[in-house]
Amino acid sequence: LSNARSTAPVFYSSDVQHEALRFIRTQTRLYEALEKRQFELWYQPQLSFATGQVVGVEALVRWRLPGGQLVPPIEFIPVAEATGQIVDIDRWVLDTACATMRGWQERKFAVSRISVNVTVADVETPDFVELVQNALSKHGLLPSNLELELTESALLETGPANLDKLHQLRTCGIRIAVDDFGTGYSSLGYLHKLPVTTLKIDKTFVDHVVRSPTDAAIAETIIWLARKFKLETVAEGVENQAQADVLKARGVDIAQGFFYARPMPERELREWVEVHQN
Ligand code: C2E
Ligand code: CA
Ligand code: CA
Ligand code: CA
């Protein structure tokens, strides 16, 4: 090969190679992150539209590199899901969330509900039900202190054995939310078989609820559905007053979004709640 021909194509890796390398690098670093406890749990408040009170928080994982930078979930959750590492991450998240809630109860902090995100791989682990129950008893919590969030698509793709586990957890009093609701095309008949307590209206509908009649109609349908099935509704990703006004007027129960507060570390969350609660 002449010099001229060997240069360009060889030194520029294709997008596919680049992606594959990035994937492997992230996987390797995630093992290290798990070992060295580089994860943090941040908390985003959920407020009652009726009273303005903080009724719960969603726990959201963060990955802090040794240099101090934060890696957002979008950059590592998909990799962790593909490699199965998500199961270890989510076990840490569950335990940490329960420990945090315990701490709040001890200091008589006003928030009594914490939501954690779980995936199909988590539910599929054979000891999932015991794992969740043990986390509650280890930290002396009531089942009603905990909510598990599963995306609508996860719930749709999961089999009867997993649904049975969710039924067991629901029966013992743990709350179960359908995350990103409205994006997964679940049928009415299916929804009523799911052991759920809460529908989280996906941010995409909230985004356009003020100006798009279609998205407003979808939001209204979800709210109507929730009422029929006696489910609680949470609007995700509320970013402004106009959205809040429409969602409140339409009867959504709970608001979550940057308009109120971003996810934040535990101490900041407590300070935020103390300032905003009254
Ligand atoms: P999600 O469960 O739908 O969480 C909501 C995401 O929307 C969070 O992003 C939150 O910070 C963001 N958000 C909340 N309000 C607003 C808003 O008003 N505007 C905008 N633009 N965004 C808002 P985050 O923390 O980056 O998490 C992204 C996704 O990563 C989550 O989406 C969830 O699917 C996943 N994830 C996060 N933590 C965990 C975890 O501990 N376990 C698992 N399995 N997945 C997690
Ligand atoms: Ca969620
Ligand atoms: Ca969501
Ligand atoms: Ca989402």
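All ligand and atom numbering here is 1-based and tracks the order in the structure.
- With respect to the Ca ion (ligand 3), D180 has OD1 as its nearest N, O or S atom.
- Looking at E81 against ligand 1, nothing comes within 4.0 Å, counting heavy atoms.
- Contact detail for A80 and I89: the closest heavy-atom pair is CB-CD1, 3.7 Å.
- Contacts between K203 and ligand 1 below 4.0 angstrom, taking non-hydrogen atoms only, involve the side chain exclusively.
- A donor-acceptor pair is defined here as one N or O able to donate and one able to accept, closer than 3.5 Å; such a pair exists between the side chain of Q44 and the backbone of A261.
- Checking only distances, F258 does come within under 3.5 Å of ligand 1, N or O to N or O.
- By the neighbour-count criterion of 12 heavy atoms within 6.0 Å, atom CZ of R262 is sparsely surrounded, having that number or fewer from other residues, nucleotides or ligands.
- Among the atoms of E236, an N, O or S atom is found under 3.0 Å from the Ca ion (ligand 3).
- Remark: the W42 side chain and the E40 side chain contain an N/O donor-acceptor pair separated by less than 3.5 Å.
- If you look at T119 next to ligand 1, the close heavy atoms, those under 4.0 Å, all belong to the side chain.
- How far OG1 of T233 is from CD1 of I254: 7.5 Å, rounded to the nearest 0.5 Å.
- In D179, the N, O or S atom that comes nearest to the Ca ion (ligand 3) is OD1.
- For the Ca ion (ligand 2), the set of nearby N, O or S atoms under 3.0 Å includes one belonging to E149.
- Within ligand 1, counting atoms from 1 as listed, the ones closer than 4.0 Å to a heavy atom of E58 are 2 (O), 4 (O).
- Across every non-hydrogen atom of C98 and H139, the tightest pair is CB-CD2, 3.4 Å.
- If you look at I77 next to ligand 1, the close heavy atoms, those under 4.0 Å, all belong to the side chain.
- Heavy-atom distances between E236 and ligand 1 reach below 4.0 Å in at least one pair.
- At least one heavy atom of P263 sits under 4.0 Å from some atom of ligand 1.
- Crowding of H208 atom NE2: a count of heavy atoms from other residues, nucleotides or ligands under 6.0 Å not exceeding 12.
- Of the N or O atoms in Q44, one or more lie within a sub-3.5 Å distance of an N or O in ligand 1.
- Shown in contact with E239 at under 4.0 Å from a heavy atom are these atoms of ligand 1, numbered in order with element: 17 (C), 18 (O), 19 (N), 20 (C), 21 (N).
- For P73, no nitrogen or oxygen atom sits less than 3.5 Å from a nitrogen or oxygen atom of ligand 1, counting backbone and side chain alike.
- Heavy atoms of D90 found under 4.0 angstrom from ligand 1 belong exclusively to the side chain.
- Within 6.0 Å of CZ on R29 lie no more than 12 heavy atoms contributed by other residues, nucleotides or ligands.
- Counting atoms of ligand 1 from 1 in the listed order, those under 4.0 Å from a heavy atom of V61 are 38 (N), 39 (C), 40 (C), 41 (O).
- Listed by number with element, the atoms of ligand 1 under 4.0 Å from a non-hydrogen atom of I86 are 44 (N).
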Item to complete: Go through the steps for Q133 and C172 under the test side chain to side chain contact (heavy atoms under 4.5 Å, CB included), then give the verdict.
Response: CA-CA 9 Å; Q133 289 171 335; C172 85; 4.0 Å; yes

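- Here the closest heavy-atom approach between residue Q243 and residue G237 is recorded as OE1-O, 4.0 Å.
- By the criterion of a heavy-atom distance under 4.0 Å, the side chain of D180, and not its backbone, is placed next to ligand 1.
- Ring orientation note: the planes of F39 and W92 are tilted relative to one another, at an angle of 30° to 60°.
- If you look at Y43 and W272, their ring centroids are not closer than 6.0 Å.
- Here the rule is side-chain hydrogen bond (donor to acceptor under 3.5 Å, both in side chains) with T198, and of Q46, E232, E149 only E232 fits it.
- Seen from the Ca ion (ligand 2), atom OE2 on E58 and atom OD1 on N117 lie at an angle near 90° (rounded to 10 degrees).
- Within the 4.0 Å heavy-atom criterion, neither part of I89 lies near ligand 1.
- Under the 3.5 Å distance criterion, the side-chain polar atoms of K200 are left unmatched by any main-chain donor or acceptor of A235.
- With a 4.0 Å heavy-atom cut-off, ligand 1 is reached by no atom of K200.
- Within a 6.0 Å sphere centred on CD of Q69, heavy atoms belonging to other residues, nucleotides or ligands number more than 12.
- The V238 neighbourhood of ligand 1 comprises atoms 18 (O), with distances under 4.0 Å to a heavy atom of that residue.
- Note: no N/O pair closer than 3.5 Å links Q256 and ligand 1 by distance alone.
- Contacts of T151 with ligand 1, taken as heavy-atom pairs under 4.0 Å, are absent altogether.
- When non-hydrogen atoms are compared, ligand 1 lies under 4.0 Å from the side chain of V93 (C-beta onward) but not from its backbone.
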